[in-house]
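Here's the structure we're looking at; comments come further down.
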2 protein chains.
Amino acid sequence: MDVSKEDELCLISIREALKVVRGKWSILVLTLLSLGPQRFNQMRRNLDHISIKSLTDVLHHLEQHEVINRQVFPTRPVTVEYTLTDKGRAYIPVLRELRIWGENWGEHPKLG
Amino acid sequence: MDVSKEDELCLISIREALKVVRGKWSILVLTLLSLGPQRFNQMRRNLDHISIKSLTDVLHHLEQHEVINRQVFPTRPVTVEYTLTDKGRAYIPVLRELRIWGENWGEHPKLG
DNA sequence: CCGAATCCAATTAGATACTG
DNA sequence: CAGTATCTAATTGGATTCGG
């Protein structure tokens, strides 16, 4: 074995996390919801070029893993609002660190 | 526009970060290297079921984005060691938060 | 030991049309 | 508005073979 028992636990935890939140869309959806509740087409606009299928797929996945919440309001036409669950809000520190890293090390240097 | 100017900047930073570190393999490779230098086949063993192609692909990608460093030692047979760059080490806080989340909210509950 | 190169399978993403 | 269903395109991943 090349890594210690403790290191192995670290890898396991990361793998666990990646089972739930994986791929760029998941992260971006969670980022958007961390800024406030969003409706379906509202997210489509804010995420720019995501397809209907990709968005529905990732929303289903995140909802099944209880990271986001789907609430239907019986207006006409119907309104559906997505929000973060406790589990989802607990992910915000990850997003925060990721944002910091992107700001400091991303391709586009910050304009002075 | 549905999100504020400030929120838009947040999304942009996240997108920037995702251009460099994306997919489960990148994260796992960085996690492994955050624990110490690693050689090619050593990483293959520690990452369990990653294929040669997937590993070389992700290592190239991360090296091109200056997140990891590749150093060749002229032994026989040759030894190649991968380490984190400054940019890569700056990513460790993201990994740390991700690990914490995985520990607390992953599928396998912590054994009491 | 460290890969490059090739081929093929599987997963993911987009476009489009249609529904309540 | 908020999707479902379907089809196709593109990306990614694995298996294998070969070379320095």
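Note on naming: letters A, B, ... go to the chains in the order of the sequence lines (proteins, then strands), and numbering restarts at 1 for each one.
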Nearest to side-chain heavy atoms of B:S51, which nucleotide of D:dG14, D:dG3, C:dC2 = D:dG14

Quick one: which of C:dA13, C:dC2, D:dA2 gets closest to the side chain of B:R70?
-> C:dC2

Should we count CD of A:E63 as having more than 12 external heavy atoms under 6.0 Å?
-> yes

Between D:dA2 atom C1' and A:I68 atom CD1, what is the distance in whole Å?
-> 14 Å

Answer with base, sugar-phosphate or nothing: what part of the nucleic acid does B:F73 contact at a heavy-atom distance below 4.0 Å?
-> nothing

Which nucleotide in the set D:dG14, D:dG3, D:dT12 lies at the smallest distance from any side-chain heavy atom of A:V80?
-> D:dG3

Considering heavy-atom distances to DNA chain C, does A:I52 or A:P77 have its closest nucleotide positioned more toward the 5' end?
-> A:I52

Mind listing the closest non-hydrogen atom pair of B:P37 and B:Q42 along with its distance?
-> O-OE1, 4.4 Å

Under 4.0 Å between any heavy atoms, over every strand shown, what does A:R44 touch: base, sugar-phosphate, or nothing? Just pick one.
-> nothing

Salt-bridge contact B:K19-B:E16 (side-chain N to carboxylate O under 4.0 Å) = yes

Salt bridge or not for B:R99 and A:E97, using N-O below 4.0 Å?
-> no

Determine the sole option in A:N46, A:V67, A:L59 for which the side chain to side chain contact (heavy atoms under 4.5 Å, CB included) test with A:V29 is passed.
-> A:L59

Which nucleotide in D:dG20, C:dG3, D:dT4 has an atom nearest any side-chain atom of A:T56 | D:dT4

In whole angstroms, the gap separating P of D:dT12 from CD1 of B:I50 amounts to 14 Å

Please work out if B:H60 contacts a base, only the sugar-phosphate, or nothing of the nucleic acid, heavy-atom cut-off 4.0 Å.
-> sugar-phosphate

Please say whether more than 12 non-hydrogen atoms of neighbouring residues, nucleotides or ligands are located less than 6.0 Å from CD in B:E66.
-> no

Across the strands shown, which category fits A:L55 at heavy-atom distances under 4.0 angstrom: base, sugar-phosphate, nothing?
-> nothing

Figure out the CZ/P separation between A:R45 and D:dG3, and round it to whole Å.
-> 14 Å

Tell me which nucleotide among D:dG13, D:dC1, C:dA4 gets nearest to the side chain of A:R39.
-> D:dC1

When you get a sec, tell me which of C:dG14, D:dA15, C:dC2 is the closest nucleotide to the side chain of B:K53?
-> D:dA15

With respect to the side chain of A:Y82, which nucleotide from D:dG3, D:dG14, C:dC1 is positioned closest?
-> D:dG3

Write down the distance between CD (B:E63) and C1' (C:dC2), rounded to a whole number of angstrom.
-> 13 Å

Can you tell me the distance, in whole Å, between the CG atom of B:L28 and the P atom of D:dG13?
-> 11 Å

Would you indicate what A:R76 reaches in the nucleic acid, counting non-hydrogen atoms under 4.0 angstrom: base, sugar-phosphate, or nothing?
-> nothing

B:L47 atom CG is separated from D:dG13 atom P, nearest whole Å, by 13 Å

Quickly work out the B:H49 NE2 to C:dT11 P distance and round it to whole Å.
-> 15 Å

Among D:dC1, D:dG14, C:dA13, the one nearest A:W25 by side-chain distance = C:dA13

How long is the line joining CG of A:D57 and C1' of D:dT6, in whole Å?
-> 13 Å

